[in-house]
Asker: 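Sharing a structure, written as structure tokens. Questions coming.
From a predicted model like this one, the values you see are computed outputs, not experimental measurements.
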Amino acid sequence: MQFFVDTADVSEIEALAESGMLDGVTTNPSLIMKAGRPMAEVIAEIAKIVDGPVSAEVTATEKDQMIAEGRKLAAIAPNIAVKLPLTWDGLKACRALTGDGFMVNVTLCFSAAQALLAAKAGATFISPFIGRLDDMGLDGMKLIEDIRTIYDNYDDLQTEILAASIRTTNHVQLAAMAGADVATLPPAVLKKLVEHPLTDKGLEQFLADWEKTGQSIL
Ligand code: G3P
């Protein structure tokens, strides 16, 4: 499973890249707003830090404008994935931009039928939003499972499932079990993945016992 980080905070991305666990980055207009910097500048910096796909989202809602914005964003760096919303215009723009040879991440996916359309439009990634479905009392993880089932039924559907709107480490674990190809994680969730109280407790005990031996490995 690949890990992307869901943020436009450059210093945060730099720090996480050092872990060797970062395969890409996703951003959206809300994250760009949070970063408080010009989008093109931020995306260019991120694309230099990370070799893998960096999603940059269009804000137009009409197909031709989406295509124009997508081409402009894709020109920032070779590893840009143009992010498009799951609308008819977005799907048509997806077909055009993947035809140009660009990576496309179709976002705001809340049903397996939508994911099927995105795959038929040639999307590189589909982004089902787990947390926002859970927030409504629905089962976000079921959506990942359903999309996996559908995509596995057809060899011609090559779209990768990018589990998005992840809120917890359990979401990451369950998305991996459900067969998501990628998970995009908020930085805090990525950092938390390593944590377990029994790991801390066990290490403390090992080090205390080692101290008693008076030995040193080096
Ligand atoms: O980038 C899309 C997605 O991950 C947003 O997550 O937490 O705003 O629902 P969230």
Side-chain angles (χ1 to χ4, degrees), residues 1-39 41-57 59 77 79-81 83 85-86 103 105-110 124-145 147-148 160-204:
M1 182 186 230
Q2 294 210 308
F3 283 170
F4 292 178
V5 70
D6 200 28
T7 181
D9 182 330
V10 173
S11 46
E12 191 88 80
I13 293 166
E14 267 168 346
L16 290 169
E18 278 180 24
S19 71
M21 292 288 172
L22 211 53
D23 302 300
V25 174
T26 51
T27 66
N28 61 38
S30 305
L31 293 170
I32 295 291
M33 188 260 299
K34 246 192 196 166
R37 299 179 49 205
M39 178 181 186
E41 192 180 293
V42 178
I43 296 294
E45 283 178 31
I46 296 172
K48 273 191 196 142
I49 301 167
V50 180
D51 292 335
V54 175
S55 289
E57 188 159 342
T59 52
N79 55 336
I80 300 300
K83 209 170 173 190
L86 218 157
M103 290 185 283
N105 175 0
V106 175
T107 189
L108 290 167
C109 172
F110 294 95
T124 318
F125 302 104
I126 181 69
S127 289
F129 278 30
I130 298 170
R132 291 191 195 185
L133 283 170
D134 287 359
D135 290 347
M136 292 181 70
L138 298 170
D139 185 353
M141 207 52 66
K142 175 79 169 45
L143 176 57
I144 305 289
E145 291 164 10
I147 298 171
R148 183 74 281 156
E160 293 197 21
I161 302 173
L162 196 172
S165 186
I166 280 182
R167 306 277 166 75
T168 64
T169 55
N170 200 38
H171 274 160
V172 182
Q173 195 170 311
L174 293 174
M177 287 167 67
D181 301 286
V182 189
T184 188
L185 284 57
V189 174
L190 180 48
K191 288 180 206 160
K192 238 180 162 351
L193 277 180
V194 76
E195 291 175 14
H196 198 287
L198 290 180
T199 304
D200 297 339
K201 198 177 165 206
L203 182 60
E204 204 180 306

Asker: Would you say the side-chain atoms of K83 pair up with the backbone N or O of T27, donor to acceptor, closer than 3.5 Å?
Answerer: yes
Asker: Calculate, to the nearest 0.5 Å, the distance between atoms CD1 and CG belonging to I130 and L138 respectively.
Answerer: 13.0 Å
Asker: Hey, what do you get for CD1 (I126) to CG (D181), rounding to the nearest 0.5 Å?
Answerer: 12.0 Å
Asker: As a quick check of understanding, evaluate side chain to side chain contact (heavy atoms under 4.5 Å, CB included) for F110 and L86, giving each step before the final call.
Answerer: CA-CA 9 Å; F110 294 95; L86 218 157; over 6 Å; no
Asker: What I'd like to find out is whether the side chain of D9 reaches to under 4.5 Å of the side chain of E14, using heavy atoms alone.
Answerer: no
Asker: Looking at CG of L193 and CG of L185, how far apart are the two atoms once the value is rounded to the nearest 0.5 Å?
Answerer: 5.5 Å
Asker: Tell me, yes or no, whether the heavy-atom count around M1 atom CE, taken from other residues, nucleotides or ligands under 6.0 Å, exceeds 12.
Answerer: yes
Asker: Yes or no on side chain to side chain contact (heavy atoms under 4.5 Å, CB included) for F4 and D23, after CA distance, side-chain angles and deciding distance?
Answerer: CA-CA 5 Å; F4 292 178; D23 302 300; 4.0 Å; yes
Asker: Could you pull out the closest heavy-atom pair between P186 and V5, with the gap in Å?
Answerer: C-CG2, 4.4 Å
Asker: Holding to side chain to side chain contact (heavy atoms under 4.5 Å, CB included), I want the full list of residues that pass it with A77, two or more places apart in sequence or in another chain.
Answerer: A47, N79, I80
Asker: Does any part of the side chain of T168, heavy atoms only, come nearer than 4.5 Å to the side chain of K192, both counted from C-beta?
Answerer: no
Asker: Are side-chain N/O atoms of T26 and N28 paired as donor and acceptor at under 3.5 Å?
Answerer: no
Asker: Distance from E145 atom CD to M177 atom CE, nearest 0.5 Å?
Answerer: 9.0 Å
Asker: Can you find a pair of side-chain heavy atoms, one from V10 and one from R37, that are under 4.5 Å apart?
Answerer: yes
Asker: Report the distance from atom CG of L190 to atom CE of M21, rounding to the nearest 0.5 Å.
Answerer: 8.5 Å
Asker: The test is side chain to side chain contact (heavy atoms under 4.5 Å, CB included); show your working for N105 and T124 and say whether it passes.
Answerer: CA-CA 6 Å; N105 175 0; T124 318; over 6 Å; no
Asker: Quick one: pull up CD in E57 and CD1 in I32 and give me the separation to the nearest 0.5 Å.
Answerer: 9.5 Å
Asker: Specify the closest pair of heavy atoms between G24 and V50, including all atoms of both residues, with the distance to one decimal.
Answerer: CA-CG1, 3.7 Å
Asker: Which is it for F129 and L143 under the side chain to side chain contact (heavy atoms under 4.5 Å, CB included) test, yes or no, and what are the steps along the way?
Answerer: CA-CA 9 Å; F129 278 30; L143 176 57; over 6 Å; no
Asker: Can you tell me if E204 has over 12 outside heavy atoms packed within less than 6.0 Å of its CD?
Answerer: no
Asker: Quick one, D6 and I166 - any side-chain contact, counting heavy atoms below 4.5 Å?
Answerer: no
Asker: Which pairs count as salt bridge (charged side-chain N to carboxylate O under 4.0 Å, His left out) when at least one residue sits in residues 133-142, sequence neighbours excluded?
Answerer: D135-R167, K142-D146
Asker: Looking at I144 and A175, what are the two nearest heavy atoms and their distance?
Answerer: CG2-O, 4.4 Å
Asker: Does E41 CD have over 12 foreign heavy atoms under 6.0 Å away?
Answerer: yes
Asker: Taking all non-hydrogen atoms of both residues into account, name the closest pair between G131 and H171 and its distance.
Answerer: CA-CE1, 4.2 Å
Asker: How far apart are the closest heavy atoms of A17 and I49, and which atoms are they?
Answerer: CB-CG2, 4.1 Å
Asker: Can you find a pair of side-chain heavy atoms, one from T184 and one from S55, that are under 4.5 Å apart?
Answerer: no
Asker: Show the nearest heavy-atom pair for residues C109 and I147, with the distance to one decimal.
Answerer: SG-CD1, 4.3 Å
